[in-house]
Structure formats: C-alpha cells, structure tokens
S.K.: 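This is the structure I have questions about; it appears just below.
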Amino acid sequence: MTEYFTRDGSPYPAKVGRVTYGRNDDKTGFGAYLPRVCGRCGGLGGADKWKHTGWTCYQCNGSGRGEPRFTPAYTREQLDRLNAAAAKRTCAAWRAWFKKPGTKRRAKGAQCVA
Ligand SMILES: [Zn+2]
C-alpha cells in the first residue's frame with residue numbers, strides 16, 4: 001500500500017482520493033478535505049478581547065473549527081522531487097546573489113549541492 005504525506009512530510013492524517021476543490025469545485029486533486037482550526041480565534045472559540053460583543057467568535061460560533069480545506073497528498077517520491085526542485089531554486093537564487101558584484105564573499109553556506 002502506498003503511503004501518503006502532507007507537503008511538510010508528515011504522514012497524511014486521512015484517507016486520500018481524487019476530490020474536487022476550488023471556489024467553484026473546478027479543480028481536482030489527490031488528497032482530502034482536512035479539518036482546520038478557526039482562522040479567527042485559533043480554535044479557542046472566543047477571546048477576552050471580544051468580551052464587549054459577547055466573547056464568542058463570530059466566525060466559528062464558538063466551535064473553534066474552521067472550514068475544512070483541500071489538502072494535497074503526496075507520495076514519498078513526489079515529495080522528494082518537490083523538495084529537490086525547491087532546493088535547486090533556493091540554490092540558484094543563492095548563487096545569483098553570491099555572484100553579484102560587491103557582494104561580500106562569505107564561505108558560510110557556500111556548499112549548495114542541489
Ligand atoms: Zn473561531
């Protein structure tokens with residue numbers, strides 16, 4: 001069985017499949033809808049600074065839960081490829097910076113292998 005991961009490399013916490021997402025359900029991707037914490041109260045359901053309006057978070061109504069959002073799932077190989085490409089981009093940017101005239105030459109961080 002294939003193992004799936006989130007973009008940051010942690011094991012995917014749910015069953016994955018092909019799902020539609022996007023504002024008009026106009027995109028499809030491999031992954032699942034994962035629950036998220038409320039973006040306004042951070043999952044607390046309310047805050048003391050909102051006391052004057054009744055404490056409860058108006059976005060989640062006090063549940064602390066936000067809208068589930070499509071979260072893509074990756075296989076180990078896909079993740080490795082993405083990370084390698086990202087490292088390459090970072091290295092290219094770093095090398096470009098390093099070549100710029102007037103840039104202070106510093107040995108620190110010079111070993112870019114990607
Ligand atoms: Zn909330």
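As the structure lists them, so they are numbered: ligands from 1, and atoms in each ligand from 1. Counting begins at 1 with the first residue of the sequence. Since the model is a prediction, treat every value here as computed from it, not as a measurement.
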S.K.: More than 12 heavy atoms of other residues, nucleotides or ligands under 6.0 Å from CZ of R65: is that the case?
M.R.: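 12 or below, so no.
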S.K.: Tell me the protein N, O or S atoms under 2.8 Å from the Zn ion (ligand 1), in chain and number order.
M.R.: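 The answer is C38 SG, C41 SG, C57 SG, C60 SG.
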S.K.: For the residue pair P13 and L34, establish whether any side-chain heavy-atom pair is separated by less than 4.5 Å.
M.R.: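 Answer yes - side chains close enough.
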S.K.: I'd like to check T71 versus R36 (side-chain heavy atoms, cut-off strictly below 4.5 Å). Are they in contact?
M.R.: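 Not touching, per the 4.5 Å side-chain cut-off.
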S.K.: Using side-chain heavy atoms (C-beta onward) and a distance below 4.5 Å, is T75 in contact with Y4?
M.R.: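 Side-chain contact under 4.5 Å: yes.
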S.K.: If hydrophobic clusters are built by linking Ile, Leu, Val, Met, Phe, Trp and Tyr wherever their side-chain heavy atoms come under 4.5 Å apart, do F5 and V16 end up in the same one?
M.R.: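 No, F5 and V16 fall in different hydrophobic clusters.
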S.K.: Hey, are the side chains of W50 and Y58 touching, using non-hydrogen atoms and a 4.5 Å cut-off?
M.R.: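 No - every pair of side-chain heavy atoms lies 4.5 Å or more apart.
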